[in-house]
Amino acid sequence: MHRFYDTALETPLMLGTAQYPSPAILADAFRASGASVATVSLRREGAGGAGQAFWDMIHDLGVHVLPNTAGCHTVKEAVTTAHMAREVFDTKWIKLEVIGHTDTLQPDVFALVEAARILTAEGFEVFPYCTEDLVVADRLISVGCEVLMPWGAPIGTGLGLSNPYGLRTIRARFPDVAMVVDAGIGLPSHAAAAMEMGFDAVLLNTAVARAGDPVGMARAMALAAQAGAAGYASDPMPPREMAEPSTPVIGQAFLS
């Protein structure tokens with residue numbers, strides 16, 4: 001597993017904090033998952049009042065906090081939100097989202113690169129939510145991003161890994177860059193598949209928060225991510241077009 005800027009994570013799972021049935025279930029799901037990172041939206045909660053109880057609960061979980069710029073559609077919005085998040089959470093980390101398409105929530109990659117350039121120059125450690133496009137990845141790295149977060153599928157769809165070829169390609173092209181598959185993961189098998197490709201972590205929210213049993217699903221996602229990571233580290237056999245017997249044929253009797 002790569003380091004995320006200067007931080008090594010204990011587990012390859014990151015969880016969002018939205019849409020849970022209750023704060024208690026959210027806390028139980030995090031504990032069951034062993035997630036290393038919690039993503040939080042500055043726009044969803046205020047810094048005082050009821051929002052303060054939310055922040056206190058997240059703090060008590062003992063995880064790294066990754067604030068995001070969810071809901072931002074322009075460079076100015078994203079940069080302003082990032083500055084506010086740094087003040088509220090006292091962290092240089094920011095998950096940078098600049099949405100360009102309302103229906104798919106696809107990133108505006110042009111604005112994303114510009115916002116990443118500005119924030120990196122201002123001392124932020126940027127985690128850009130991007131597509132699996134190689135050119136976009138190269139631009140983000142060139143402006144100072146040391147982590148990339150390509151999507152698996154559109155946010156909240158649960159479709160899994162829509163473009164496995166693209167994800168494998170971006171992973172292979174930038175082997176020394178920490179990468180997280182973010183969005184679209186709906187099943188534990190999706191998380192395992194991403195980790196089997198060599199990604200360093202997966203980030204998901206809706207698949208756990210909206211499950212019938214969020215705590216059980218959080219536990220399943222954690223096991224799947226760990227299994228996928230262990231499988232990748234074990235140097236799995238390459239696929240073959242032809243069958244190959246696992247039992248030796250030498251010494252077997254043949255009838256003519």
Side-chain angles (χ1 to χ4, degrees), residues 9-46 50-68 70-71 95 97 99 101-107 127 129 149-164 167 180-197 199-232:
L9 302 181
E10 295 182 358
T11 65
L13 184 62
M14 303 179 179
L15 278 184
T17 56
Q19 303 184 40
Y20 289 82
S22 71
I25 292 176
L26 185 157
D28 288 344
F30 263 84
R31 294 188 183 99
S33 74
S36 296
V37 174
T39 61
V40 295
S41 173
L42 187 67
R43 292 189 169 207
R44 191 168 66 86
E45 298 280 355
Q52 187 61 48
F54 174 80
W55 306 139
D56 290 344
M57 179 187 64
I58 296 300
H59 182 268
D60 290 343
L61 292 174
V63 297
H64 298 279
V65 175
L66 177 60
N68 63 39
K95 180 190 171 188
E97 298 182 30
I99 300 303
H101 190 268
T102 303
D103 291 338
T104 63
L105 301 180
Q106 180 168 329
F127 292 62
Y129 168 61
M149 304 185 80
W151 66 349
I155 295 170
T157 62
L159 292 172
L161 309 183
S162 296
N163 183 7
L167 290 170
V180 183
V181 172
D182 177 15
I185 291 176
L187 295 170
S189 57
H190 300 157
M195 297 303 298
E196 286 171 359
M197 292 180 183
F199 285 88
D200 300 289
V202 291
L203 170 57
L204 54 109
N205 187 163
T206 309
V208 169
R210 301 293 294 273
D213 178 4
V215 177
M217 183 59 78
R219 187 177 297 109
M221 288 291 187
L223 293 170
Q226 292 165 10
Y232 176 77

Exercise. Do Thr11 and Ser36 come within less than 4.5 Å of each other through their side chains, counting heavy atoms only?
Worked result: yes
For this session: Would you indicate whether the side-chain heavy atoms of Leu26 and Ile58 approach each other to under 4.5 Å?
Result: yes
Problem set entry | Any Asn68 side-chain heavy atom under 4.5 Å of Val40 side chain | no
Exercise. Taking it one step at a time, do Ile155 and Tyr129 satisfy side-chain contact (heavy atoms from CB on, under 4.5 Å)?
Worked result: CA-CA 11 Å; Ile155 295 170; Tyr129 168 61; 3.4 Å; yes
For this session: Apply side-chain contact (heavy atoms from CB on, under 4.5 Å) to Val181 and Met197, showing your working.
Result: CA-CA 10 Å; Val181 172; Met197 292 180 183; over 6 Å; no
Problem set entry | Shortest non-hydrogen contact between Ala220 and Pro188, atoms and distance | CB-CG, 3.8 Å
Exercise. Which heavy-atom pair separates Ala209 from Pro214 by the least distance, and what is that distance?
Worked result: O-CG, 4.0 Å
For this session: May I ask you to test the Pro150-Phe199 pair for a side-chain heavy-atom distance under 4.5 Å?
Result: yes
Problem set entry | Check: Thr39 main-chain N/O paired with Thr17 side-chain donor or acceptor under 3.5 Å | yes
For this session: Measure the spacing between CD1 of Ile99 and CD of Glu97 and express it to the nearest 0.5 Å.
Result: 5.5 Å
Exercise. Nearest heavy-atom pair of Asn205 and Ala18: which atoms, and what distance?
Worked result: ND2-O, 2.9 Å
For this session: Compare all side-chain heavy atoms of Val65 with those of Trp55 and state whether any distance is below 4.5 angstrom.
Result: no
Problem set entry | Residue pair Leu204 / His190, side-chain heavy-atom distance below 4.5 Å | no
Exercise. Heavy-atom distance under 4.5 Å between the side chains of Tyr232 and Met195, does that happen here?
Worked result: no
Seminar exercise, completed: Between Ala153 and Thr157 the two heavy atoms that sit nearest each other are CB-OG1, 3.7 Å
For this session: Please name the pair of heavy atoms, one in Ala224 and one in Ala191, separated by the smallest distance, quoted to 0.1 Å.
Result: CB-CB, 4.4 Å
For this session: Show your reasoning for whether side-chain contact (heavy atoms from CB on, under 4.5 Å) applies to Met221 and Leu15.
Result: CA-CA 10 Å; Met221 288 291 187; Leu15 278 184; 6.0 Å; no
Exercise. Using 30° and 60° as the class limits, which term best fits the ring planes of Tyr20 and Phe30: parallel, tilted or perpendicular?
Worked result: tilted
Problem set entry | Nearest-0.5 Å distance, CE of residue Met14 to NZ of residue Lys95 | 10.0 Å
Problem set entry | Side chain to side chain, Leu13 and Val202, heavy atoms closer than 4.5 Å | yes
Seminar exercise, completed: To the nearest 0.5 Å, atom CG of Asp28 lies from atom OG of Ser22 at 8.0 Å
Exercise. What distance do Ile185 atom CD1 and Leu203 atom CG have between them, rounded to the nearest 0.5 Å?
Worked result: 8.0 Å
Problem set entry | Separation between CZ of Arg31 and CG of Asp60, rounded to the nearest 0.5 Å | 8.0 Å
